[in-house]
Amino acid sequence: AACIRAAHEAYLFPTKMVQRLTFRRRLSYNTTSNKRVITKTPGGRITYQYVKKLGTVPKCGDCGSNILGIPAVRPKQFMRMSKRMKSVTRAYGGSQCAGCVRQRIVRAFLIEEQKIVKRLTKANLKK
């Protein structure tokens with residue numbers, strides 16, 4: 001009975017022929033480098049469009065957070081970019097985030113202040 005019902009439904013609601021898709025490249029495995037999206041061309045054909053891998057944002061060397069102002073691109077594209085696009089114009093520009101740089105500056109300042117205070121107390125004790 002179920003087989004007859006399925007045949008009857010197929011007769012009443014005929015399905016459209018689906019266009020088969022073939023890979024445009026030789027690689028046939030579903031790997032990260034072979035990601036694709038089905039798109040419709042202006043000519044009406046359905047084809048695969050290969051999607052490039054996403055780049056990662058450079059991370060801070062100290063805290064590991066993303067460095068703002070530097071785009072997330074693949075290494076080859078990053079290599080082609082100009083110097084001003086690859087870094088931020090400040091000390092430790094492309095390698096550390098602003099918060100960590102600020103922390104370093106404050107720490108260095110406080111250490112210098114401590115040295116001065118130590119020197120003054122030593123001088124006061126000699127008197």
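Count residues from 1 along the sequence.
Residues Ser33 and Arg25 approach most closely at O-NH1, 4.1 Å, considering heavy atoms. Residues Cys63 and Cys100 share a closest heavy-atom pair of SG-SG, 3.6 Å.
Interatomic distance, OG1 of Thr89 versus CZ of Arg84, reported as 10.5 Å (0.5 Å rounding). For the atom pair CG of Asp62 and SG of Cys97, the computed distance is 7.5 Å after rounding to the nearest 0.5 Å. Rounding to the nearest 0.5 Å places CZ of Arg36 at 8.5 Å from CG of Leu27. The distance from atom CD of Glu112 to atom CZ of Arg107, rounded to the nearest 0.5 Å, is 13.5 Å. Note: Lys86 NZ to Met79 CE = 8.5 Å, rounded to the nearest 0.5 Å. Expressed to the nearest 0.5 Å, how far CG of Leu120 lies from NZ of Lys122 amounts to 12.0 Å.
Checking Tyr92 against Arg104 by side-chain atom types alone, a donor-acceptor pair falls below 3.5 Å.
The shortest side-chain heavy-atom distance between Gln19 and Arg45 falls under the 4.5 Å cut-off. Residues Ile70 and Val57 have side chains not in contact (no heavy-atom distance under 4.5 Å, counting atoms from C-beta outward). Contact of the Lys53 side chain with the Thr32 side chain is registered, since non-hydrogen atoms from C-beta on lie closer than 4.5 Å. At least one side-chain heavy atom of Tyr50 sits less than 4.5 Å from a side-chain heavy atom of Asn34. In this structure the side chain of Thr39 never reaches within 4.5 angstrom of the side chain of Ile46, judged on heavy atoms.
Heavy atoms of other residues, nucleotides or ligands lying less than 6.0 angstrom from CZ of Arg74 number more than 12. Heavy-atom neighbours of Leu54 CG from other residues, nucleotides or ligands within 6.0 Å: at or below the threshold of 12. Within a 6.0 Å sphere centred on NZ of Lys59, heavy atoms belonging to other residues, nucleotides or ligands number more than 12.
Met85 is connected to Ile67 through a chain of hydrophobic side-chain contacts under 4.5 Å among Ile, Leu, Val, Met, Phe, Trp and Tyr, so both are in one cluster.
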Ile38/Tyr48 under side-chain contact (heavy atoms from CB on, under 4.5 Å): CA gap, chis, key distance, verdict: CA-CA 5 Å; Ile38 297 170; Tyr48 277 133; 3.8 Å; yes

